[in-house]
Every structure is written in C-alpha cells, then in structure tokens.
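Have a look at the structure below before the remarks.
Numbered from 1 within each chain, the chains take letters A, B, ... in sequence-line order. The figures here come from the full heavy-atom set of this structure, side chains too, leaving out hydrogens, waters and symmetry mates.
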There are 2 protein chains.
Amino acid sequence: MKIFSYNLNGIRAAMRKGLVDWLKEANPDVLLIQETKAQPEQIEQEEFEALGYHCYWHSAEKKGYSGVGILSKLKPDHIEVGCGIDYIDQEGRILRADFGDLSIMSVYVPSGSSGDARQDLKMKFLGDFQQYIRDLLKEKPQLIIGGDFNICHTEIDIHNPKSNKDTSGFLPEERAWLSEFLEEGLIDSFRQFHEGELDRYSWWSYRANARANNKGWRIDYQMAGEALKERLSGAEIWPDAMHSDHCPVSVDID
Amino acid sequence: MKIFSYNLNGIRAAMRKGLVDWLKEANPDVLLIQETKAQPEQIEQEEFEALGYHCYWHSAEKKGYSGVGILSKLKPDHIEVGCGIDYIDQEGRILRADFGDLSIMSVYVPSGSSGDARQDLKMKFLGDFQQYIRDLLKEKPQLIIGGDFNICHTEIDIHNPKSNKDTSGFLPEERAWLSEFLEEGLIDSFRQFHEGELDRYSWWSYRANARANNKGWRIDYQMAGEALKERLSGAEIWPDAMHSDHCPVSVDID
DNA sequence: CATCCGACG
DNA sequence: CGTCAGATG
C-alpha cells in the first residue's frame with residue numbers, strides 16, 4: 001500500500017499545474033493533502049474520481065485558508081473529521097480515514113512564521129495534538145500520520161541549521177517537541193529507510209531560487225505507529241513533483 | 001502630432017503583456033493613460049523614458065484603483081494635476097499637459113456599474129466635469145480631451161443597444177449628457193473621420209469571449225475643441241493592441 | 001515569491 | 001473574467 005502526503009499550497013493552483021497527471025503516474029493508494037485553500041465545492045473532485053479515488057475534505061471556516069483532504073482508492077470504513085478541539089477544527093487541519101485496523105491521518109500543523117500570536121497557537125496545537133495522538137494510538141495503534149508538521153527535526157533536515165536556529169520551524173522547543181512526539185511510539189518513516197542522508201527536503205521557499213539550489217527544509221513527514229514497524233517497506237521524498245512549494249513524501253506498507 | 005489614449009486596466013499588467021513594445025511601434029507623440037491602478041513609485045517609468053517620453057501621473061489615494069497618466073515626447077510647459085474638485089481628484093481622474101496653446105487632457109470618467117452610489121457619483125462627476133470643461137475651453141480652446149468616458153454615445157457605438165438600454169454606460173441620461181457635452185464645442189474626432197461606421201469599439205467585457213466576437217462598446221474618445229477642427233487630420237481605433245480590456249484610440253493633429 | 005480573498009470594473 | 005490589495009505562509 002502506497003501512501004503519499006502532499007502540501008499543495010492551493011489545490012486549485014496545483015491542479016492547474018498538472019496535479020492530476022502526476023497523480024495518475026504516481027498512482028498512490030492513498031493521497032493525504034494539506035493546504036487545499038478551498039471549500040469542497042470549489043474543488044473539481046470529479047477529476048480524482050475519474051482516477052478511481054474516493055474524496056474527503058476538511059476545510060477551514062475562513063475561505064482560501066488551510067484545509068486538508070484524503071483521496072483513497074479503497075473506500076474507508078470510517079472518516080473522522082477533525083479532532084474535536086474547536087480552535088483546531090475551525091482551521092481544517094486534521095482528517096482521518098480508517099480501513100479496518102489501519103488508520104491514516106492527514107495533518108497540517110499551523111505555521112508560526114507570521115508572528116508571535118501564531119507561534120503561540122502552534123505550540124498550543126502541538127501540545128493538544130500530542131495528547132490527542134497519545135489517546136488515539138491506544139485505540140488505533142496501526143496509525144499513519146502524514147502531513148506538514150511545519151518543523152524540521154534535526155540539523156540534517158534543513159539546509160542551514162545555523163542561520164535558522166531562531167526561525168519558526170527550527171526552534172529548539174519545536175525540535176524537542178518532535179522528538180517527544182516520536183517517543184509516543186511513532187516512526188519517522190523516511191529516516192527509517194534513509195538514515196543520515198543529507199540534502200533531502202520537502203519544502204523550499206519561493207524566494208531567492210531556493211528550490212533550484214536545494215536550499216530546503218524537511219517538514220513533511222509520514223509518521224507510522226510502531227505497531228506498523230514490520231509492515232513498513234519503504235519511504236521516499238519526491239522533489240521532482242512541482243505543483244507547490246512543497247513536494248510529496250511517501251511511505252509503503254505491506 | 002499623434003495622440004493616443006489607452007485605458008490600460010492596470011499599467012503593471014499591461015507592461016507585462018508587452019505595452020512598451022507596442023508603444024515603441026505606435027510611437028505616439030503623446031499617450032494619455034487611464035486606469036494605471038498604481039502609485040507613481042510602482043510604475044517602471046524608466047521603460048518609457050528610454051523611449052524618449054516625459055512621464056506624468058495622477059494616482060488615486062486608494063492603492064490599486066483608478067489613476068491617469070500622460071507620456072509626452074515633447075516636454076510640456078505646464079502640467080495641471082486634477083481639476084480642483086476634491087472628490088474627483090482623490091480618485092486620480094484628470095491630468096492635463098499644456099504645450100503652448102495646445103492643451104491635452106487624460107480623463108477617466110467613473111464607472112457606475114458597481115451600484116447606485118457609484119452611478120450617482122458618475123452623474124455628479126459628469127455635471128461637474130462639464131462645467132469645468134466649459135470654463136477651461138474659454139481659456140484653452142485648443143483642447144484635446146482623450147480618455148475613458150464610460151459612456152457609449154449612439155446605437156452604433158454598442159453591439160447590442162436594445163439589451164443594454166438599462167445598463168450603466170448606455171443609459172438615456174448618460175447618452176444625453178454626452179450630446180450636451182459635445183455641444184459645449186467639442187468634436188468626437190473618431191466620428192469626424194468615420195461617420196456611421198459600424199462595429200468600431202474600444203472596450204469589450206472579459207466575459208463570454210466578447211472581444212473575439214467583437215461584442216464591444218465605444219467608450220473611449222478623443223474629443224477635440226472646435227478651435228482645432230481644421231487641424232484634425234485623422235482618428236482611429238486600434239483593436240489589435242491587446243494589453244487591456246480596452247484598446248487604444250488615436251487622433252492626429254497637424 | 002507564491003496562494004487565496006474581496007473590491008472594483 | 002480580469003487587476004490589484006492584503007492576509008498568509
């Protein structure tokens with residue numbers, strides 16, 4: 001089973017850039033989407049349905065902002081929209097599809113880059129999300145959490161750790177949170193298969209030709225519950241897909 | 001002397017579409033511009049200066065809105081910014097360049113299409129503008145007024161007079177105003193040289209492929225003071241220039 | 001330096 | 001159906 005996660009930075013813009021052709025080629029069983037920046041009725045989901053996908057969306061209340069989605073070839077037994085915490089669910093950041101024991105979540109962690117208020121909210125989100133996942137893992141240990149965590153974990157996950165040590169997304173407290181989060185019983189699947197590999201990023205600023213120079217950050221992850229450890233058969237980052245300032249990240253499970 | 005008038009619907013967008021190449025080719029002595037939608041400092045006027053133009057702007061207070069300009073190869077003796085009526089000058093709608101006895105004005109008449117309040121303001125503008133021009137003609141009878149009047153004068157100036165009889169821009173009171181305005185002692189220079197010609201328009205809606213089907217309106221004019229009558233040597237509309245929803249209109253004076 | 005909105009036309 | 005601004009990232 002091939003699961004991709006992709007922050008599209010606007011699903012409508014991404015579709016104009018050929019997302020559907022890419023999807024047909026990549027042909028994942030499940031695509032986790034972040035930053036749809038659209039209400040469901042604004043998304044031409046027939047294009048995905050024509051490829052055999054069932055489509056599920058959780059949009060922010062604010063138009064053009066945030067929003068997650070899940071496309072799945074198999075029809076899920078259950079879709080869980082949001083996490084029941086109002087300030088999170090208003091912003092359309094969490095969506096989950098359950099397939100028997102296997103549970104697959106799309107998450108979009110808030111960015112803190114626009115100022116203190118949003119950084120504070122990001123840290124609050126991280127605390128609440130960690131608690132939510134701790135509880136969920138008890139019920140659904142075979143959990144995949146794919147998405148944009150808006151955090152680089154280690155120095156090899158960012159092109160310039162020195163100059164970014166005070167930048168939201170690479171702050172010590174954010175990196176520490178990600179370590180703690182994994183200790184809840186999750187595996188960073190990319191690192192499972194690519195330990196120590198350098199220059200592997202999933203996001204590049206649009207500014208200053210950052211992507212052409214691979215001056216990026218790895219902030220998109222496929223986290224797998226440890227119960228899935230033996231079923232993980234691969235994980236990848238796909239920097240050649242050019243529909244967004246992010247690229248897709250994938251995990252394979254047997 | 002070749003004078004063009006062109007509502008650019010955003011001078012920055014028009015420049016991205018090759019306005020400067022067009023200008024080099026058309027090579028007018030004076031270009032009257034409407035809807036710059038920019039503050040002077042946002043306009044790359046060096047590109048015009050490189051072609052030998054002096055540049056003058058009158059922008060609206062509101063950013064990205066309205067705004068007129070004049071480019072001139074000859075340096076004017078005087079530039080008159082606005083008309084001294086505050087509600088008009090706040091919106092950057094009138095700019096004049098004087099060259100000895102010859103006076104050339106760029107005008108952008110308000111649109112009434114967004115609702116009653118703006119239609120009311122348009123009618124008020126028309127009254128105030130008529131009075132302003134009546135007075136100005138006494139002082140400067142050799143006056144050219146080029147610009148977007150946002151009014152079609154007669155049934156041959158619009159592709160569908162019947163269905164537009166209640167549409168702002170072709171209302172009976174607007175058409176009557178334009179007749180009265182000409183009676184102040186002005187000549188619609190295009191009609192001087194193209195009496196009765198059909199399907200000659202200067203604006204097309206972006207909707208429904210209107211331009212490809214030439215379903216347009218003639219709302220851009222080069223009005224000439226009757227004192228200039230004997231000096232008028234031609235007038236044209238240039239629908240092949242594609243930098244805006246309007247096209248340029250020109251007048252030649254000896 | 002992109003995406004999207006909403007105002008305006 | 002475009003342009004522009006402003007919010008957001």
Side-chain angles (χ1 to χ4, degrees), chain A residues 7-17 19 34-39 42-43 59-67 91-93 108-115 117-119 121-122 148-151 167-169 203-212 215 217 219-220 242-246, chain B residues 7-17 19 34-39 42-43 59-67 91-93 108-115 117-119 121-122 148 150 167-169 203-212 215 217 219-220 242-246:
Chain A
N7 178 320
L8 294 176
N9 189 27
I11 192 168
R12 286 168 290 177
M15 289 176 81
R16 284 194 296 273
K17 294 172 195 162
L19 179 73
Q34 300 86 39
E35 279 205 270
T36 56
K37 293 189 171 190
Q39 304 303 119
Q42 297 175 305
I43 302 170
S59 296
E61 289 175 7
K62 191 200 297 201
K63 290 189 82 183
Y65 180 70
S66 186
E91 296 192 347
R93 297 188 173 275
Y108 175 41
V109 172
S111 165
S113 67
S114 66
R118 292 303 292 178
Q119 182 63 29
L121 182 135
K122 179 179 183 178
D148 176 359
F149 281 70
N150 262 318
I151 302 173
T167 309
S168 174
W203 175 82
W204 302 263
S205 168
Y206 279 123
R207 294 167 227 207
N209 246 339
R211 190 159 185 172
K215 295 194 178 299
W217 301 38
I219 58 179
D220 299 272
M242 303 282 280
H243 312 93
S244 164
D245 52 346
H246 294 247
Chain B
N7 178 320
L8 294 176
N9 189 26
I11 193 169
R12 286 169 289 177
M15 289 177 80
R16 285 194 294 274
K17 294 173 195 162
L19 178 73
Q34 301 85 39
E35 278 204 272
T36 56
K37 293 189 171 189
Q39 304 303 119
Q42 297 175 305
I43 301 170
S59 295
E61 291 175 7
K62 191 200 296 203
K63 290 189 80 182
Y65 179 70
S66 186
E91 296 192 348
R93 297 188 173 276
Y108 174 43
V109 172
S111 165
S113 67
S114 65
R118 292 303 293 180
Q119 181 63 29
L121 182 135
K122 179 179 183 177
D148 176 0
N150 263 317
T167 308
S168 174
W203 174 81
W204 302 262
S205 168
Y206 279 123
R207 295 166 227 208
N209 244 340
R211 190 159 186 172
K215 295 194 178 298
W217 301 39
I219 58 179
D220 299 272
M242 304 281 279
H243 313 92
S244 164
D245 51 346
H246 295 247

Round to a whole Å and report the spacing from [atom1] of [X] to [atom2] of [N].
| X | N | atom1 | atom2 | answer |
| --- | --- | --- | --- | --- |
| B/His246 | D/dT3 | NE2 | P | 13 Å |
| B/Tyr108 | C/dC8 | OH | P | 12 Å |
| A/Asn7 | D/dT8 | CG | C1' | 13 Å |
| B/Lys122 | C/dG9 | NZ | P | 11 Å |
| B/Lys215 | D/dC1 | NZ | P | 16 Å |
| B/Asp148 | C/dC8 | CG | P | 17 Å |
| B/His243 | D/dG2 | NE2 | C1' | 16 Å |
| B/Ile219 | C/dG9 | CD1 | C1' | 10 Å |

Residue pair [X] / [Y]: nearest heavy atoms and the distance that separates them:
| X | Y | value |
| --- | --- | --- |
| B/Leu121 | B/Pro110 | CD2-CG, 3.7 Å |
| B/Ser111 | B/Arg118 | O-CB, 3.7 Å |
| B/Asn7 | B/Asn9 | OD1-N, 2.9 Å |
| A/Ala38 | A/Ser59 | O-OG, 2.8 Å |

Q | The single option from A/Phe149, A/Trp203, A/Trp204 passing ring-ring contact (aromatic ring centres under 6.0 Å, His included) against A/Trp217 | A | A/Trp203
**Q.** Distance test, side-chain N/O of A/Lys62 to OP1/OP2 of D/dT8, below 4.0 Å
**A.** yes
Q: Determine: side-chain N/O of A/Ser113 to OP1/OP2 of D/dG9, distance under 4.0 Å, yes or no.
A: no
Q. Along nucleotides 1-6 of chain C, 5' to 3', which nucleotides get a B, which get an S, and which get a -, given that the test is a protein heavy-atom distance under 4.0 Å?
A. BSBSS-
Q | A/Glu91 backbone acceptor or donor facing A/Ser66 side chain under 3.5 Å | A | yes
